Protein chains: 2
Amino acid sequence: MKIDPNSKIDLSAQIAKAIRDGIIAGTLPVDERLPSEAELADQFAVSRPTVREALKRLAAQSLIRTQRGATGGAFVNRLRFEDAYGQHVTTSTLLLSMNSVSFETACEARFALERACAPLSAKRRTADHLATMRAETHRQAQPGLSDEAFCASDVAFHRALVDAAGNPVLSYQLAGAVEAMQPLMNMITFTARNRATIVEIHTEIANALDVHNACTTDALLCQLADYTESLGKRVFATHNAAKNDGSAEA
Amino acid sequence: MKIDPNSKIDLSAQIAKAIRDGIIAGTLPVDERLPSEAELADQFAVSRPTVREALKRLAAQSLIRTQRGATGGAFVNRLRFEDAYGQHVTTSTLLLSMNSVSFETACEARFALERACAPLSAKRRTADHLATMRAETHRQAQPGLSDEAFCASDVAFHRALVDAAGNPVLSYQLAGAVEAMQPLMNMITFTARNRATIVEIHTEIANALDVHNACTTDALLCQLADYTESLGKRVFATHNAAKNDGSAEA
DNA sequence: GACGTTTAATTGTCTGACAAATGAAAATTG
DNA sequence: CAATTTTCATTTGTCAGACAATTAAACGTC
């Protein structure tokens, strides 16, 4: 890969791209050691700080790891689902907060995705997944629970539901839906929601999964989706009413 | 956010995290200008190269953009779906290639996700989406088409199907499934597949969407999933047979 | 007022240096 | 000879200072 010093693009971005392309193409296999920063600087005919900026870009994407010392250097990282998970959640959260996505759109996407793995979860759920879901449901029924803790427990419940599908690819792809959208919805609807209703649906979902009943699970998720959407509608109606009252008084 | 010079973690990583947290928390709103590199170096009590490494990390995640000149600097970027899309695809591709995901697992996840948006696509597909899908299907029927071009057209077809749901959040979340897994499957099955079979299913999918028939669309996607999986099984059976023969001869 | 020119601010890049970590080789010791 | 300690070379992490390139605002000229 050639580097063009006259390009509009930063040298460090070009170098990062060159190395990234090598990783994607498989030219640089996992755990391969890259040349030292000094050697890379020579190869690309740039200074060491520029090379370092390029390497930091790759490190930010978990594509490489660096190690100091005699046998240290930058190594191609095996990208793990856990590593990608966090980034996916962060990105999804920012996408939602920065792009004025309507509540309905987010809600629709979130439940469509969760319903996608419900049949698999009904088939494959282990005792462990069921135990987690029931423990979280039980926690959600505690009277003194803070809204934050309720939300966290809610996320844990749905995450267990997704993980029950036993498909790591699905779990990863759904991370954004569960861990980014669920808190968003909790934040919007927590004033209007009835915890008992949610706890009841959660309990029934666990029961349906227990007996491997995919149909009922799906129906319950639809019920939860409808309830969430109705909450959202109510909250926004209240907001708008208050806003109109305010402008009328002013 | 405090920076700890004695931490095991790089200063540039700590600084990047501090700024990233500010962006996520909303302390740094979109289009806000960060202090200049020199000012940041002062504030965090580090040198300018260290600050720059931190900023490059953030730039690699599309969280900031930089501009030269008198009124330039680093600005908080509005993370757009298009920007996140590419990264999501890259990450998904690497996850699949680096984690020895079985063909069945990938196939299952891919079709579960696509089926999730089929009902919405059946409801909302525009004439545009239909036209795209039919144009791609027509292209796939051309005799002289290379395998690469067939794969690209295949991706375009499924992308149009997903986009037809009219939900940008869903489109984003499914990017990994369509643009990373579909090529993977094409690469594996291209020796065994029958293009005519795929073209026929694609044609029928477009017809079902045309008349807003969600049920038939879903059934056809299941059919495609089954066909793909059977292809995968056949290919791997052939591989294993060849391998066993080889080891027996050696 | 319109149009060049200068200027100041800011990022991009380079050079050179030193500190810290780390494994390997060499020296030492039993 | 084996085990241990020391030394050392390599590599990343960080710093300081400098200059180039870019850009918009301020200034001056007509």
Side-chain angles (χ1 to χ4, degrees), chain A residues 1-20 22-23 28 31-77, chain B residues 1-20 22-23 28 31-77:
Chain A
M1 180 70 180
K2 285 286 177 57
I3 301 301
D4 174 14
N6 299 326
S7 163
K8 298 292 169 201
I9 302 161
D10 291 358
L11 289 177
S12 66
Q14 292 181 53
I15 294 169
K17 175 166 169 31
I19 297 174
R20 180 165 38 235
I23 294 174
L28 297 168
D31 290 335
E32 174 95 345
R33 182 180 175 282
L34 299 183
S36 73
E37 294 174 354
E39 285 174 303
L40 285 172
D42 273 353
Q43 285 181 23
F44 288 115
V46 297
S47 68
R48 214 186 122 209
T50 302
V51 166
R52 281 182 63 78
E53 288 178 10
L55 293 179
K56 294 314 161 199
R57 294 178 116 110
L58 298 174
Q61 297 177 300
S62 308
L63 294 183
I64 61 168
R65 61 180 185 276
T66 54
Q67 205 178 358
R68 290 219 271 204
T71 59
F75 298 84
V76 177
N77 213 10
Chain B
M1 181 72 181
K2 284 286 176 55
I3 301 300
D4 174 15
N6 300 327
S7 163
K8 296 292 167 201
I9 302 161
D10 290 356
L11 290 178
S12 66
Q14 292 182 52
I15 294 168
K17 176 166 168 32
I19 297 174
R20 182 166 34 238
I23 294 174
L28 297 168
D31 290 335
E32 175 95 343
R33 182 181 176 281
L34 298 183
S36 73
E37 294 175 355
E39 286 175 302
L40 285 172
D42 274 352
Q43 285 181 24
F44 288 113
V46 298
S47 68
R48 216 187 119 206
T50 302
V51 167
R52 280 182 63 78
E53 287 178 10
L55 293 179
K56 294 314 161 198
R57 293 178 117 109
L58 298 173
Q61 296 177 300
S62 309
L63 294 183
I64 61 168
R65 62 181 184 278
T66 54
Q67 206 177 357
R68 293 220 271 204
T71 58
F75 298 84
V76 177
N77 213 8

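Predicted model only: the values in this text are computed from it and were never measured. Reminder, nothing fancy here: chain letters follow the sequence lines and each chain counts from 1.
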**OP:** Go through A:L58 and A:N77 one step at a time and tell me if the side-chain contact (heavy atoms from CB on, under 4.5 Å) criterion holds.
**Re:** CA-CA 10 Å; A:L58 298 174; A:N77 213 10; over 6 Å; no
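Atom-to-atom, CD of A:Q14 to C1' of C:dT13 comes out at 13 Å; the value is rounded to the nearest Å. When rounded to the nearest whole Å, the span between CD of B:E37 and P of D:dC19 equals 18 Å. Look at CG on B:D42: it is 13 Å from C1' on D:dA16, rounded to the nearest Å. To the nearest angstrom, P of C:dT10 lies 13 Å from CD of B:Q67. Between the CD1 atom of B:I64 and the C1' atom of C:dG12 there is a distance of 14 Å, given to the nearest Å. Distance, A:R52 CZ to C:dG16 C1': 15 Å, rounded to whole Å. Spacing between atom CD of A:E53 and atom P of C:dT13 amounts to 7 Å, rounded to whole angstrom units. With rounding to whole Å, B:F44 atom CZ is found 19 Å from D:dG13 atom P.
In the interface, the side chain of A:R48 is paired with the base of D:dG13 through a donor and an acceptor atom under 3.5 Å apart.
Under a 3.5 Å cut-off, the side chain of A:R65 and the backbone N or O of A:V76 do form a donor-acceptor pair. Not a single donor-acceptor pair under 3.5 Å links the side chain of A:R52 to the backbone N or O of A:S47.
Side-chain N/O atoms of B:T66 include one lying less than 4.0 angstrom from OP1 or OP2 on C:dG12. A:T50 has no side-chain polar atom (N or O) that falls below the 4.0 Å cut-off from OP1 or OP2 of C:dG12.
Out of C:dG12, D:dC15, D:dT14, the shortest distance to the side chain of A:D10 is found at C:dG12. Each of D:dA16, C:dG12, C:dT13 was ranked by its minimum atom distance to the side chain of A:S47; first place goes to C:dT13. Nearest to the side chain of B:T71, among C:dT13, C:dT11, D:dA24, sits D:dA24. Among the nucleotides C:dC14, D:dT10, D:dT14, the one closest to any side-chain atom of A:A70 is D:dT10. When the nucleotides C:dT11, D:dA25, C:dC14 are ranked by their closest atom to the side chain of B:R68, C:dT11 comes out on top.
Residue contacts for A:K8: at a heavy-atom cut-off of 4.0 Å it reaches no nucleic acid atom on any strand shown. Using a 4.0 Å heavy-atom criterion, one finds that A:R33 contacts the sugar-phosphate atoms exclusively.
When side chains are defined from C-beta on, B:I15 counts as touching B:V46, because their heavy atoms get closer than 4.5 Å.
Put simply, CG on B:L34 and CG on B:L40 are 6.5 Å apart, with the number rounded to the nearest 0.5 Å.
Heavy-atom nearest nucleotides on DNA chain C were determined for B:P35 and for B:P49, and the one closer to the 5' end corresponds to B:P35.
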